[in-house]
Number of protein chains: 2
Amino acid sequence: MLNEDSISLSHDCGDCPIRHRAVCARCETDELELLEDIKYYRSFEAGQTVIWSGDKMDFVGSVVSGIATLTQTMEDGRTQMVGLLLPSDFVGRPGRDGAAYDVVATTDLVMCCFRKKPFEQMMVRTPHIAQRLLEMTLDELDAAREWMLVLGRKTAREKIASFLTIIARRDATLNLRPAKGALVFDLPLTREAIADYLGLTLETVSRQISALKRDGVIHLEGKRHVTVPDFSRLMEEAGDDSDGGVLA
Amino acid sequence: MLNEDSISLSHDCGDCPIRHRAVCARCETDELELLEDIKYYRSFEAGQTVIWSGDKMDFVGSVVSGIATLTQTMEDGRTQMVGLLLPSDFVGRPGRDGAAYDVVATTDLVMCCFRKKPFEQMMVRTPHIAQRLLEMTLDELDAAREWMLVLGRKTAREKIASFLTIIARRDATLNLRPAKGALVFDLPLTREAIADYLGLTLETVSRQISALKRDGVIHLEGKRHVTVPDFSRLMEEAGDDSDGGVLA
DNA sequence: TAACGTAATTGACCCAGATCAAGCGCGAAC
DNA sequence: GTTCGCGCTTGATCTGGGTCAATTACGTTA
């Protein structure tokens, strides 16, 4: 995901650790200035809600640092996480007025935002941005549908393994680590949040993580720090097509 | 969904029962002619596969009549339906080469297709098409995430009720039926396909449908023909926010 | 250093939904 | 008509994961 021209929608800016190539690579100087003009940063503390489902959402943006989640909730409190936002991920629905899900910061969070109206105006003037957004949205759709398979058909153990695979991949690409040798990363979520992601209870999450540890699929240091000695083994546990242990 | 300018991407054409307004409303005559030029129809028989996941997909298009499903399959045969294509629904991934899922016709099916290359070229020249596609894709993403809640957190009975509300809604909008009084429609899928949609077994689907019938939430005539005497009751069973029994 | 609070683990038990298995209904082919 | 076959229903039993509850591990504050 973190490659030459796929990251986000503003240009490359000094104070922002994310390189925004999609626009930068092709657009005119005045567009850059417009972007600069409508851009601003927002910080959130861990646990803070960025926006509630249904609220008016007058910005789009991307995560600079920290982690946020997209969740849906039923009246009786059952919740399902429908997305996980890591640094470089885009949030927002150009052409839509309201937020469709609760967005919550699970760690301290910094976002790079653009006011929606001018952003949309710029979209009209700069067609390749709409195309870039379309591609990003198609990717999200693929990810969501991939997750439907996880939620609908996988066992608890497979769900946990699938989750770990995804986090490992994201971590590797995000930190530009070589995709070989043992993978090491930190779990970005509590057991409860993982449960909400996977449609499980936190007890089951805990038990299955313990089981994977017992069976040598992963090592744990503390509660969060994970080592995966053999990634293809983990993919096997996840029930994924084992065509390649390739991290990409 | 079936409203003034949301259906598909060609213009309104006499031989095609679907009205394609998105382009029609705004674009130039020669665009219409180009569309006419690259447009063609494909027919499939019930059970036929339109395209396999991973295959090269050199067209985009929309369903004219019949029903198709998008499914994902694991090596051991477990399958999860990730989308249901009814008349007027769009299929295709502009800017993507391969199909991401198996697309299967579950009834006799007619699709109105456009060759992908020229379609993409037209997208570049006609920016509002990319924006229209972006909006459609955002809708699909919303639907997929809504479905994640169903798959991850709802009980079997709630899943069946959720499925019925979706079909009822689609049927009502598609056939422009007034959204009041008793709703009547046909189930477009076998019990097994419903099970694949809901992440259940066909036996559980059958049992829960029987239970809803027994409890007077629905009436059944034969295996497929459903009557819903009280739609808000059904929505309640689905665990949906009951803000409005409004069909829209 | 103790005392507290939050996250995580682990155990015992239970139940919703899966699995296995036996019919049933009904249209199509002969 | 009879037979076949497929889609569906219903029953009996099993089990993965939920529920309830007790305990542990670790920061954090005092």
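Just so we're on the same page: letters track the sequence lines, and every chain starts at 1. Just so it is clear, the values below take in all heavy atoms, side chains as well, and ignore hydrogens, waters and symmetry mates.
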Side chains of Glu158(A) and Arg78(B): does their closest heavy-atom pair fall under 4.5 Å?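 A side-chain contact under 4.5 Å exists here.
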Just so I know, are the side chains of Val205(A) and Ile209(A) near enough to count as touching, which here means a heavy-atom distance under 4.5 Å?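 Yes; the side chains approach each other to less than 4.5 Å.
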Between [X] ([atom1]) and [N] ([atom2]), how many Å, whole number?
X	N	atom1	atom2	value
Arg78(A)	dG18(D)	CZ	P	13 Å
Leu187(A)	dA7(C)	CG	P	15 Å
His225(B)	dC8(D)	NE2	C1'	18 Å
Leu200(A)	dA16(C)	CG	C1'	15 Å
Asp196(A)	dG18(D)	CG	P	12 Å

Looking at Arg145(B) and Glu140(A), is there a salt bridge between them, counting it only when a charged N and a carboxylate O are closer than 4.0 Å?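 Judged by the 4.0 Å cut-off on N to carboxylate O distance, Glu140(A) and Arg145(B) do form a salt bridge.
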In terms of side-chain geometry, is the basic nitrogen of Asp240(A) or Lys154(A) positioned less than 4.0 Å from the acidic oxygen of its partner?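 Result for this pair is yes, salt bridge flagged.
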Considering only nitrogen or oxygen atoms on both sides, find all protein atoms under 3.5 Å from nucleotides 8-10 of chain C and state each distance.
residue: dA8(C); atom: OP2; partner: Arg191(A); partner atom: N; Å: 2.9
residue: dT9(C); atom: OP1; partner: Arg191(A); partner atom: NH2; Å: 3.2
residue: dT9(C); atom: OP2; partner: Arg191(A); partner atom: NE; Å: 2.7
residue: dT9(C); atom: OP2; partner: Ser206(A); partner atom: OG; Å: 2.7
residue: dT9(C); atom: O5'; partner: Ser206(A); partner atom: OG; Å: 3.1
residue: dT10(C); atom: OP2; partner: Ser210(A); partner atom: OG; Å: 2.9

Trace of the salt bridge (charged side-chain N to carboxylate O under 4.0 Å, His left out) decision for Arg191(B) with Asp196(B): CA-CA 9 Å; Arg191(B) 302 292 187 265; Asp196(B) 282 341; over 6 Å; no
Using ring centroids (six-membered ring only for Trp), state whether Tyr101(A) and Trp52(A) fall under 6.0 Å.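 Here the rings of Tyr101(A) and Trp52(A) have centres that are no less than 6.0 Å from each other.
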